[in-house]
Amino acid sequence: MGNTAVRLATLLAVLLTLAGVSAGAAGTATSVKVFFAQGEQLVAVQRPGATVQDSLSALVTGPTSDETARSLRSYVPPGTRIRSVTMDGTVAVVDLGSGFMQGNATDTTLARLDQVVSTVTAAPGVTAVRVLINGGTPIGLFPGVDATVPLTRAALATPNVPATAPVAPPTGPVSNSTRAVQEQLAALGYLLPANVDGVDGPGTQTALVAFQKWQGLSRTGLADAPTRKALATAKRPTPIRSGPAGRRIEVLVDRQVVLAIQDNEVVRAIDVSTGKPSTPTPIGTFSVYAKYARWWSTPFREWLLWASPFTGGIALHQYPDVPTYAASHGCVRVTQYDSRWVFDFVSVGTQVVVIARST
């Protein structure tokens, strides 16, 4: 009978360990979930602990060096003071110091709020969070969010802004000079042949920027003299690396260009904006794991149309602002003139190679 009891105790310990519960204190979690941003989504990591206080302390500490290498980021300012954590039924009341609002960038304040709400509501028995700053209600500090009421993760994940309107075709006079430039861009893979219409517009300017990036010219988006001279002798871009047959994507961080490749030949060269220095796009070889015509950025509360994520919360996606330099939260921004084409070009499983230096 004694051996049976030992075996049962051992089995119980194993089951409790698999469930994340300590056999020495049944019902007490041995780890907590902490949410950090990766690109345009939040991802959970495990930390030792059992309480909301433990969760918040781990959140304030931030990601480990290994997690940072995987492009996990925290928008919660390091050293944020946790003044108090109390429970009102199933609602956690979290009072943070004013350091939590350090900086004034709207997107980062929303992201850090979502990190807190996601982390706290992951604790057992917590359904919502009431966030206070220095004991007071943060009215107007989180645009688009009513922080006077308890917040849930689902509420913050609900879109509250319209998606980008469909692109309208350019209007204006037809120019033979513009048509000649467009024909050259199309022949080289920077512009779709269907867009060769002789009308200057944002789509043509985007193609010119991609060409200028590849050629190492000033990124003006204009058919200026240096650009026209380069167009006269330019050749279609070639892949930076050899790869398997079929379709794949090369993201060239130094040039801010995406190469769409079919059987080791470049089909298109496309203007993009990758992750800024503080939130860089991870370097390496990945694969598209999903496709979403309408994706939603959880921490930054913005639509991401024609999105093809390839690692964690990092994706190729349409964005209304695609500057000529790296500016994203880690994703690869594509203009509305090329985003649907890229979305249709890739499939789940398509290889995406992010290259730091292509020259």
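Heavy-atom basis, side chains included; hydrogens, waters and symmetry copies ignored.
The OH atom of Tyr319 sits 8.0 Å away from the CG atom of Leu304 when rounded to the nearest 0.5 Å. Rounding to the nearest 0.5 Å places CG of Leu305 at 10.0 Å from CZ of Phe343. With rounding to the nearest 0.5 Å, the separation of CG in Asp338 from CZ in Arg268 is 4.5 Å. Between the CD atom in Glu40 and the CH2 atom in Trp303 there is a gap of 13.5 Å [rounded to 0.5 Å].
Judged by distance alone, the side chains of Thr137 and Arg130 do bring a donor and an acceptor atom under 3.5 Å apart. Residues Ser57 and Asp54 have side chains that never bring a donor and an acceptor to within less than 3.5 angstrom of each other. Judged purely by distance below 3.5 Å, without hydrogens or angles, the side chains of Ser177 and Arg228 pair a donor atom with an acceptor atom. Judged purely by distance below 3.5 Å, without hydrogens or angles, the side chains of Arg333 and Ser328 never pair a donor atom with an acceptor atom. Side-chain polar atoms of Asn195 and Gln182 form no donor-acceptor pair below 3.5 angstrom. Checking Ser218 against Gln212 by side-chain atom types alone, no donor-acceptor pair falls below 3.5 Å. If you check the side chains of Asp114 and Ser118, you find a donor sitting under 3.5 Å from an acceptor.
Ring geometry for Phe345 versus Trp341: interplanar angle under 30°, hence parallel rather than tilted (30 to 60°).
Put simply, the side chain of Thr274 does not reach to within 4.5 Å of the side chain of Pro280, judged on heavy atoms. Between Thr68 and Arg73 there is a side-chain heavy-atom pair separated by less than 4.5 Å. Between Trp214 and Leu252 there is a side-chain heavy-atom pair separated by less than 4.5 Å.
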Exercise for the section: Quick one: do Arg255 and Ser358 satisfy side-chain hydrogen bond (donor to acceptor under 3.5 Å, both in side chains)? Show the steps, please. Expected result: CA-CA 7 Å; Arg255 298 195 192 193; Ser358 61; 3.0 Å; yes
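Under a hydrophobic-cluster definition in which Ile, Leu, Val, Met, Phe, Trp and Tyr are linked whenever side-chain heavy atoms come within less than 4.5 Å, directly or via other members, Val257 and Phe286 are assigned to different clusters.
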